[in-house]
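Okay, so here's the structure we're looking at.
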Amino acid sequence: MTVAVAVAAARILVVDDDRLFCRSTAALLRADGYEVETASNGQEAVDRLQLAHFDLMLLDVKMPGTDGIGVLEAIRLWGNGIPVLMISGVGTIGDAVRALHVGADDFLTKPVEPDLLSARVGELLERRPTAGIVGDDASYVALRGGMVGRAPRMRALFDAIRQVAATDATVLITGETGTGKELAAAAVHRASARRGAPFVAIDCGALSDGLLESELFGHVKGAFTGAVRDKIGLFEAASGGTIFLDEIGGVSFALQQRLLRVLQEREITRVGAVRPSKVDVRVIAATNRDLRAEVQAGRFREDLFYRLNVFPLALSPLRDRREDIPLLVEHVLRVLGKPASASACCSPFAMRLLRSYDWPGNVRELFAVVESASIRAGDGRIEAQHLASELRDASEAPEGPRYRAGTADVPERDVIVAALAEADGALSRAAALLGMGRTTLWRKLKSYGIDAHPHAAGDE
């Protein structure tokens, strides 16, 4: 099932005291295939959210009584992670900064072009953690198993998992330490027809050659000193299911030959035995090494490499998908028993530190850092001082432009607003993030009608 079909029945709440805007927006979204309800003030919106589930909320900033920022703050404190598109009739950068820091997912100013509104709504629904999982078992299993991501690289990975899970092909997973290679292997298994059979994992790099051989293939009584009884190996234990060979790059040449026979003949011979036994098992291997380079260096068998590399899955380091960090933080907090959104549990400045760090240990390191910070924060939200010193030290200054100029898909105005939001409205930092001069940025602000004070926070 495609993403478009999966989100077609999404329920949207439009909140605005302008009844004409509510009616016209509701009509537009219903024409796009969504179920739409409206609310005319903040209190009514809060009541609706307590009574029913919605997949997206369009929320006006300026309303009598409880304004949009107040509504957003309240639902984030509840732990409601509903995507929120803030809409304002007053195009000030201050509104955008406040909304994005409180936890809004996007921001538009009135009048809103219908095509732009439809596009933004579709993008937000597609980026939901559950988007695309209706009828898409691989993505569902991956998310349920702890693989979380909205970045294009992760969507491509989930698609690849779905494709290969439908087969019995051997899979080779590559990626840096801490990127979640075992989670990816488990996702393939759980999305496959073998899901009801065992998933057996072993770290090949953690065992000596002799012990690894016995663990994988088993042994017969008397095969060596201490072998007082027959023992089945992991290949036999995983019969009908999947065996995951982590750190395959560290296996010796002799053992590589035995693994090659398993892949070629689908049979194993226990240590000390004479007759081989057939095995029905899917093999998924993983490594943080460049196996092609290992082959060229003569440390890894070329024939085994090609047998393993039938369907490669490459996992991206966290630094290449920084947009997933808020979602991952929210996932970690949920695992730790704090079911609240990342925006409610983590201050904007702490989140900027998390997003700017390079994460050499990848998601595994992120989990440890957020868990430690959560302990230090206690019942309060995570602030910068709760984070490890290396994160604070790494973000003393921008490392050059991180925002590209506008494209056909992303207007330059939106790029500038995003950079200003990250910089807390500080023009000098925003200019550095954009890779342009402060004067140039100031001219663009005026041309786009973005209201920012020349001495915004952080500028001297």
Side-chain angles (χ1 to χ4, degrees), residues 147 153-154 156-157 159-161 163-165 167-189 192 199-218 233-235 238 241-271 276 278-321 360-364:
M147 293 188 71
R153 292 167 185 255
M154 292 301 289
L157 175 64
D159 287 342
I161 287 173
Q163 291 169 346
V164 76
T167 75
D168 266 341
T170 303
V171 179
L172 179 62
I173 303 173
T174 58
E176 296 178 4
T177 298
T179 50
K181 294 187 286 295
E182 184 169 347
L183 290 175
V188 173
H189 171 74
S192 75
F199 174 81
V200 177
I202 182 169
D203 184 350
C204 298
L207 301 176
S208 66
D209 212 33
L211 183 56
L212 179 59
E213 183 179 30
S214 176
E215 287 294 313
L216 289 174
F217 302 106
L234 296 182
F235 275 104
T242 304
I243 187 168
F244 174 56
L245 307 176
D246 199 7
E247 300 306 335
I248 192 70
V251 172
S252 71
F253 235 82
L255 202 51
Q256 288 175 34
Q257 173 62 40
R258 295 204 64 180
L259 290 173
L260 180 63
R261 183 167 183 82
V262 176
L263 293 171
Q264 288 177 333
E265 308 298 334
R266 296 294 166 180
E267 62 182 28
I268 60 100
T269 303
R270 293 185 184 180
V271 177
K278 288 291 184 180
V279 290
D280 172 24
V281 64
R282 180 188 204 148
V283 176
I284 301 178
T287 181
N288 59 11
R289 302 186 186 187
D290 182 347
L291 285 191
R292 290 185 184 275
E294 294 293 297
V295 168
Q296 292 175 354
R299 291 187 291 268
F300 201 85
R301 294 182 63 106
E302 185 175 21
D303 46 6
L304 177 58
F305 169 71
Y306 289 123
R307 286 285 182 179
L308 292 171
N309 199 41
V310 175
F311 194 94
L313 290 177
L315 303 193
S316 299
L318 186 54
R319 61 182 174 275
D320 288 347
R321 56 183 188 101
N362 293 294
V363 177
R364 186 180 298 157

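A quick note: this is a predicted structure, and the numbers were derived from the prediction, not measured.
The structure places CG of D168 at 7.0 Å from CG of D280, a figure rounded to the nearest 0.5 Å. Between E267 atom CD and R261 atom CZ the span is 4.5 Å, to the nearest 0.5 Å. With rounding to the nearest 0.5 angstrom, the CZ atom of F244 is 7.5 Å from the NZ atom of K181. In this structure, the separation between CG on L212 and CG on L255 is 5.0 Å, given to the nearest 0.5 Å. Within the model, atoms CG of L245 and OG1 of T287 stand 11.5 Å from one another, a figure rounded to the nearest 0.5 Å. With rounding to the nearest 0.5 Å, the separation of CG in L304 from CZ in F253 is 9.5 Å.
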Legend entry - Derivation and outcome, side-chain contact (heavy atoms from CB on, under 4.5 Å), residues F311 and Q163: CA-CA 10 Å; F311 194 94; Q163 291 169 346; 4.2 Å; yes

Inset, instruction - Evaluate side-chain contact (heavy atoms from CB on, under 4.5 Å) for V363 paired with R321, printing each intermediate quantity in order. - result: CA-CA 11 Å; V363 177; R321 56 183 188 101; 3.6 Å; yes

Legend entry - side-chain contact (heavy atoms from CB on, under 4.5 Å) assessment of V200 paired with F235: CA-CA 8 Å; V200 177; F235 275 104; over 6 Å; no

Legend entry - Working for side-chain contact (heavy atoms from CB on, under 4.5 Å), residues V251 and L259: CA-CA 10 Å; V251 172; L259 290 173; 4.2 Å; yes

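Nearest approach of L308 to A285, heavy atoms of both residues: CD2-CB, 4.0 Å. G250 approaches R289 most closely through the heavy-atom pair CA-NH2, 3.9 Å. For the pair T179 and P317, the tightest heavy-atom approach, listed with the atom from each and the gap, is CG2-CA, 4.0 Å. Across all their heavy atoms, I173 and A185 have their closest contact at CD1-N, 3.6 Å. Residues L313 and A160 approach most closely at CD2-CB, 3.5 Å, considering heavy atoms. Contact between L172 and A286 at its shortest, heavy atoms only, is CD1-N, 4.3 Å.
Using a distance-only test at 3.5 Å, with no hydrogens or angles considered, a donor-acceptor pair links the side chain of D290 to the main chain of R292. With R258 contributing its side chain and T269 its backbone, the two residues share a donor-acceptor pair below 3.5 Å. No donor-acceptor pair under 3.5 Å is formed between the side chain of R299 and the backbone N or O of L291. Side chain of R301 to backbone of Q256: no donor-acceptor contact under 3.5 angstrom is found.
Contact of the V283 side chain with the R266 side chain is registered, since non-hydrogen atoms from C-beta on lie closer than 4.5 Å.
Among T167, T170, I243, the single residue meeting the side-chain contact (heavy atoms from CB on, under 4.5 Å) criterion with R282 is T167.
Side chains of N288 and T177: a donor on one and an acceptor on the other come within 3.5 Å.
Using cut-offs of 30° and 60° on the angle between ring planes, the pair H189 and F199 is tilted.
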